[in-house]
Amino acid sequence: MKYSITVREFLEQSKAGNIDYLDFVAKLMEKTRALDEQYNFLITIEDLTKFVSIEPSFFGLPISVKDNICTARIQSTAGSRILEGYVPHFDATAVERLRAEGCRILGKTQQDEFGFGTFSTNSAYGVPKNPYDPQRSTGGSSGGAAGLAAALNMPHVALAESTGGSISCPASFCGVVGLTPTYGLVSRYGLIDYANSLDKIGLIGRQVYDVALLLSCIAGHDARDSTSLQEKKKDYTKHAAKKDLSGLRIGVPKEYFENVDEAVSRNVWSAIERLESLGASYSEFSLPTTKYALAAYYIIATAEASTNLAKYCGMRYGLHMPLEGTYNEYFSKVRAAGLGTEAKRRVMLGTFARMSGYRDAYYLKAMQVRTLIIRDFKKAFGKYDVIAAPTMPVAPPKFADIAKLTPLQNYQMDVLTVPANLAGIPHLSINCGFTNNMPVGLHLLGDHLAEAKLIETAAAFEREQK
Ligand code: GLN
């Protein structure tokens, strides 16, 4: 039997008793291993053929989990050497909910160390390669998740995470669908923190239906995360059936087309016209605080990251070394060996931004900018249902070109993804075309808790594109 079927077909076929599950997982593991050899999408691969009891309602649907999301009995390193060998004895809430419904974890996906990066080139366990061209990046930091979703072409959905764009960016670069929910809609319990006020667990899949389906399972209040919203469970899949977009008002922020690659712009504009042909109307408008978002993001994100990384000292989990010297000497030795260059850079940047004397000038200022950005978006959502823009300013770059970027130029790649992440609003990236055979992403941004609107818009767009 052929298993190049969609998630929806897999569930229907399983329900009808038409899937030979043992045969299916055998083929799935074979393909996953072969892809991993070639593209390095995974840090850990599980063997799904070993255990065969399958449960409704997901009938053993394979999921992959980004390595910074804790999985009981499966190593969770967040891409860092300092967590090598760390095997949690508990599941993150999102994982627990998916397992309880019958999803099964096929492996842990490759990522930038702790999420620090845009190209998945900062992992201690290798670099995932773009399935459209192995000389190019999958994007990051959830690069393994997006690459696997694109290349596997079998029923599978990836659980991923975004702090400043780590779901949208790789989804765009790998031509798949990435959904980042409203901050607090999905519990962060069991997520290895990057920056607590920004981190969100979300999804990457081949189709809008896939991310809507899994969101319906993982969203909703969790008492174990104090920032979790008091939201009830909801079925998002019914929004994935939308066909026409009459009455939908789309805002197109003109700042989001500045310094964007010409071919990327062209693809996104043609997508906006296609949305119009489905019944939506659009107008251009201004989000004036856009230009401050990147600086504010990198202050807030590194300030929070630098405090979070303090717990990795070689005493409790992960990397250990022979105990010698004073505590400070020991901690320094472990961190020097266990953290990569970018992690060290961020600890230094973040520590500086939090230092007394600089705190008001940097961190507090950045928090004020964040408030203004939220205000800008709130104003826009008084007028528009959805904001449409390019996801990334460029098509997936070659590794050789990434190596030439300065850290600052690297950070600038996030200019279009950080504003929505600072505001905590939901966003979805969907493929809208190709340039030189490399995928281009359309970014849809919605108001807080307007996931259903994004799913409707993307689903209608996806159907039109086929
Ligand atoms: N590229 C951004 C950063 O390096 C976002 C990463 C993320 O969302 N985890 O901070």
Side-chain angles (χ1 to χ4, degrees), residues 65-69 77-80 109-123 127-128 137-146 158-173 178-183 186 188 191-204 293-306 308-309 339-350 353 366 370 391-394 396-397 402 405-429 441 443 445:
V65 179
K66 185 172 177 176
D67 207 38
N68 61 356
I69 301 173
T77 70
S80 183
T109 50
Q110 196 62 259
Q111 62 162 99
D112 287 296
E113 181 174 16
F114 293 112
F116 302 155
T118 308
F119 301 112
S120 296
T121 46
N122 300 327
S123 168
V127 177
S137 169
T138 53
S141 63
S142 314
L159 198 57
E161 172 277 340
S162 170
T163 306
S166 279
I167 291 176
S168 287
C169 163
S172 167
F173 281 3
L179 173 65
T180 309
T182 304
Y183 178 81
V186 176
R188 286 186 296 114
L191 172 67
I192 298 173
D193 319 290
Y194 167 172
N196 312 44
S197 79
L198 292 156
D199 298 342
K200 282 108 19 212
I201 289 181
L203 300 152
I204 297 179
L294 195 73
Y297 170 81
Y298 272 96
I299 298 277
I300 296 169
T302 57
E304 292 184 23
S306 66
N308 278 326
L309 292 195
L339 296 175
T341 309
E342 185 56 30
K344 287 175 185 150
R345 178 179 295 121
R346 293 195 185 204
V347 169
M348 285 191 271
L349 275 172
R370 187 173 190 178
T391 306
M392 295 299 290
V394 294
I402 293 169
L405 297 176
T406 64
L408 194 60
Q409 286 170 329
N410 208 310
Y411 298 166
Q412 278 165 346
M413 293 291 170
D414 301 333
V415 63
L416 301 180
T417 56
V418 295
N421 280 278
L422 279 171
I425 56 171
H427 42 287
L428 185 154
S429 181
H443 215 196
L445 282 47

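Read the numbers this way: they start at 1 and go in the same order the structure lists the ligands and their atoms. Keep in mind the model is a prediction, meaning the values are calculated, not measured.
- Some N or O of Tyr297 is nearer than 3.5 Å to an N or O of ligand 1, by distance alone.
- Looking at atom 10 (O) of ligand 1, its nearest protein heavy atom turns out to be Tyr194 OH, 2.5 Å.
- The NZ atom of Lys66 sits 7.5 Å away from the OG atom of Ser162 when rounded to the nearest 0.5 Å.
- Residue-level proximity to ligand 1 for Tyr411 is absent, since no heavy atom of it falls below 4.0 angstrom.
- Between Ile192 and Phe114 there is a side-chain heavy-atom pair separated by less than 4.5 Å.
- None of Asp414, Asn421, Asn68, Asp199 except one satisfies the side chain to side chain donor-acceptor pair (under 3.5 Å) rule with Thr163; the exception is Asp199.
- Ser142 places a side-chain N or O within donor-acceptor distance of the main-chain N or O of Glu161, the cut-off being under 3.5 Å.
- The closest approach between Arg346 and ligand 1 falls below 4.0 Å for a heavy atom of the residue.
- Within the 4.0 Å heavy-atom criterion, both parts of Ser166, backbone and side chain, lie near ligand 1.
- You'll find the side chain of Val186 stays beyond 4.5 Å of the side chain of Lys200, heavy atoms only.
- Close approach of ligand 1 to Ser162 is summarised as follows: ligand atoms under 4.0 Å from at least one heavy atom of the residue are 8 (O).
- Listed by atom number, the atoms of ligand 1 under 4.0 Å from Gly164 heavy atoms are 5 (C), 7 (C), 8 (O).
- Interface atoms of ligand 1 facing Asp414, defined by a heavy-atom separation under 4.0 Å, are 1 (N), 2 (C), 3 (C).
- Phe119 is listed as a side-chain neighbour of Leu405, based on a closest heavy-atom distance under 4.5 Å.
- Residue Phe116 has no N or O atom closer than 3.5 Å to an N or O atom of ligand 1.
- Distance check, rounded to the nearest 0.5 Å: CG of Asp112 to OG of Ser120 gives 4.5 Å.
- Below 4.0 Å from some heavy atom of Tyr298 lie the following atoms of ligand 1, by number and element: 1 (N), 2 (C), 3 (C), 4 (O), 10 (O).
- Contact of the Arg370 side chain with the Leu198 side chain is registered, since non-hydrogen atoms from C-beta on lie closer than 4.5 Å.
- With a heavy-atom cut-off of 4.0 Å, Thr163 touches ligand 1 through backbone and side chain alike.
- Under a 4.0 angstrom heavy-atom cut-off, Ala301 registers as lying outside contact with ligand 1.
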